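Input: a single structure, listed below in C-alpha cells.
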Amino acid sequence: MGKTKRIREIGRKITNGAAKLVTWHDNLQARVDRLILILQYKIAYFIHSKRKSLSENKKSILGHFAGFLLVAIALVAVFNYATGFQYSYNGKVLGYVKNQEDVIKVLSLVSQELTQEYGSKVEIDARDNISFRNVIVLDKEIDDIDTVLKRLTYLSDMEAEACCICIDGRPFVNCESEEAAKQVLKSIQQEFMEDDKDIEYEKVSFKEKVELKSIETRLTNITSIKAARDLILSGGSKELIYEVKAGDTYYEIAEKYDTTVEELAELNPDLDIDTLFPGDEITINKATSALTVTTVEKATYAEKVKYKTETREDDTMYENDSKVIQKGADGKQVVTARITRENGEIVDKDVLETEVIQKPVKKIVVKGTKKLPKTAPTGTFIMPVSGYTLTSEFGWRWGRNHDGIDLACSTGTPIHASDGGTVVYAGWYSGYGLFIEIDHGGGIHSRYGHCSVLNVSKGDKVYQGQKIGEVGNTGNSYGSHCHFEITVNGTPVDPFGYL
C-alpha cells in the first residue's frame, strides 16, 4: 500500500508541473501578441504621417530629384564618351575599345580560327592572356569587333599548345599536337620500310631516344607535318671519305654530294682546291636523317647461286690458248633470313633457311699447256730497226694522213719482225716499193715499206726479232728509211701506242 501511495504522489507532481508550464506559455504568448499589435500600430502611424508630409511637399521634392537625375545622367554620358579600355595580349598593347565585351566575346572565335589555320590547339584565356586598362580615349582610334578579331587573328606571337619532338634529350621540332608528332615519326619509319608482302617486320624503332613533350610556344614556332618530316630527314650529318679519281674536280664532287666548294675547302684545309690528284682523300660532310630507323625484318627472297668455274689442262693446245667446253649458269635459291637495317642499310643478316630451287651449272674451261712455237705472237711489239732517226711521225702530213712512222737509216740495215706471226704479203706494193705485211692475230697487222731486200715470202711463219728484210729507198721515197705501220682491223694506228 505504501508503494502505491508514493507512485500516486509522483504522478500528481508531474501533472501540476505540466499545468504550470502551459500557464507560463499562455502568459508569454499574450505578452508577445500585445507587443506585435503595438509595433504594427506605430509603423502604420509613421507611414501615415510621412505620406501626409510627402503629399504636402511632393512638388518641391520631385523638382530637386529631377535636377539631380539630369546632372547624374550628363556626368555618366560625358564619362562614357571620354573613357574606354586599352586591351593587351600578354602585355602587348593591341588597341582600344569602348567595352571589354567587344574583346571577350570574340576570343572563342579567334581561338577556333587560329586552331584551324595552324592545326594547333590555340586557347586565348580572357583572364590569363588578355588585360584591360581604363583610359581616356578622346584622341584614340576605337576598334570595332571586326578590327579586334583581325588584330588577334594576325598576332604573330600568339601562344599555343604544341608537342615537341625531342631527340636524345634535345628539342628538335615542334608539331601542332601529339597526334601530328606521332604521324611525323610514323612517316619517317615508313620511309625506310619496304611495302612488300614477303617481308615481316618483327621490330621497328629508333636508335636514338625519342620523347614527345607538351609545351607552350608561339604559333610561328610550330611546324607542319610535312616540314617536320623533311627537317628530321635532312637534319643529321655524317663524315665520309671520298677517294679522288682521274678527272675529278672540286666542283663536280661538291655537286655530286649536294654540298659547296666552300664547305669542302673548310673541311679539307690541306688540299689545294685547284689541284687534285687521283688517290687524294677528301672529307665530305653528308646530310643524313637526324633519326636512325632500326628495322628487324624476317624476309623471304630469291637470290642467285653463282656458278663455279672448273679449269682443265690440255697438252694438245698451246699454253696461251683456251676454250670453254661448258658454259656456266647461275642457280636460284629461296632464302629466309632475319635482317637488321639502319635507315635501309643492312647492318646484320642471320640466314634462317635456304632452299635451292635450281642448281648452278659450272663453267668448264680448257687451257693449253703446250709450249708456244717461236713464231707465235707475244702480244708486244719491238722497234723493227736500230740506229734510226725519226724523220716523220704518225698523223697529218702534206695535206693527208701519214699512216705510219719513218725511221731513217742506211740502206742494208736489217729489218726485224716487230712480233711473231704469219707473212701475208711480201713483194712490190704501189707507193711502198718492196713491202712486207705480217698478221699477228686478233686483227693486228704490222707493215714494212721501201725495203731494198726481202728475206721472207707469203705464208712464212716468223718470230719476234727475226730478220725479214733490209732497209732501202724503193717506191715513193726521198731517202733510205723504213716506213713502219701497225693496223687494227685495217685501220692505221700510231705505232708508238704499241711499241
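Being a predicted model, the structure only gives us computed values, none of them experimental.
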Task: Any Thr288 side-chain heavy atom under 4.5 Å of Asn343 side chain - done: no
Task: Asn99 side chain vs Glu101 backbone, donor-acceptor pair below 3.5 Å - done: no
Task: Where Thr223 and Ala227 come nearest, the two heavy atoms and their spacing - done: CG2-CB, 3.3 Å
Open item on the list: Any heavy-atom pair between the side chains of Phe206 and Ile188 that's under 4.5 Å?
Closed with: yes
- [ ] Indicate yes or no: at least one non-hydrogen side-chain atom of Leu185 is less than 4.5 angstrom from one of Leu291.
- [x] yes
Open item on the list: Could you tell me if the side chain of Tyr96 sits less than 4.5 Å from the side chain of Gln86, heavy atoms only?
Closed with: yes
Task: Neighbour count >12 (heavy atoms, 6.0 Å) for atom CD, Glu194 - done: no
Open item on the list: Can you confirm whether Glu179 is buried at CD, in the sense that more than 12 heavy atoms of other residues, nucleotides or ligands lie under 6.0 Å from that atom?
Closed with: no
Task: Approximate separation, where rounding is to 0.5 Å, of Glu243 CD and Ile282 CD1 - done: 10.5 Å
TODO: Find the distance between NE2 (His402) and CZ (Arg400) and round it off to the nearest 0.5 Å.
DONE: 7.5 Å
Open item on the list: Is any side-chain heavy atom of Asp406 closer than 4.5 Å to one of Arg397?
Closed with: yes
Open item on the list: Within the structure provided, determine whether Phe192 and Glu342 are in side-chain contact (heavy-atom separation under 4.5 Å).
Closed with: no
Task: CG on Asp144 to CG on Leu149, rounded to 0.5 Å - done: 10.0 Å
Open item on the list: Within a 6.0 Å radius of atom NZ on Lys323, are there more than 12 heavy atoms belonging to other residues, nucleotides or ligands?
Closed with: no
Task: Distance in Å, Tyr498 OH paired with His440 NE2, rounded so as to fall on 0.5 Å steps - done: 11.5 Å
- [ ] Indicate the atoms forming the closest heavy-atom contact of Ser187 with Arg229, along with that distance.
- [x] OG-CD, 3.3 Å
Task: Close side-chain approach of Asn174 and Cys164, heavy atoms under 4.5 Å - done: yes
TODO: Starting from the C-alpha separation in whole Å, work towards a yes-or-no answer on side-chain contact (heavy atoms from CB on, under 4.5 Å) for Ile104 and Ile130.
DONE: CA-CA 9 Å; Ile104 294 173; Ile130 304 297; 5.9 Å; no
Open item on the list: Check this for me: does any side-chain nitrogen of one of Lys226 and Asp230 sit under 4.0 Å from a carboxylate oxygen of the other?
Closed with: yes
TODO: For Glu161 and Ser214, test the side chains for any donor-to-acceptor distance below 3.5 angstrom and give the result as yes or no.
DONE: no
Open item on the list: A quick test of your reading: do over 12 heavy atoms of other residues, nucleotides or ligands sit less than 6.0 Å from CD of Glu266?
Closed with: no
Task: Carboxylate-amine/guanidinium contact Asp248 Lys256, below 4.0 Å - done: no
Open item on the list: I'd like to know if the side chain of Asn134 reaches the main chain of Phe85, judged simply by a donor and an acceptor atom lying under 3.5 Å from each other, with no hydrogens or angles considered.
Closed with: no
TODO: Quick one: sort the Tyr87 and Phe132 rings into parallel, tilted or perpendicular, breaks at 30° and 60°.
DONE: tilted
Open item on the list: As a test of understanding, state which of Thr354, Thr300, Val351 forms a side-chain contact (heavy atoms from CB on, under 4.5 Å) with Thr336.
Closed with: Thr300
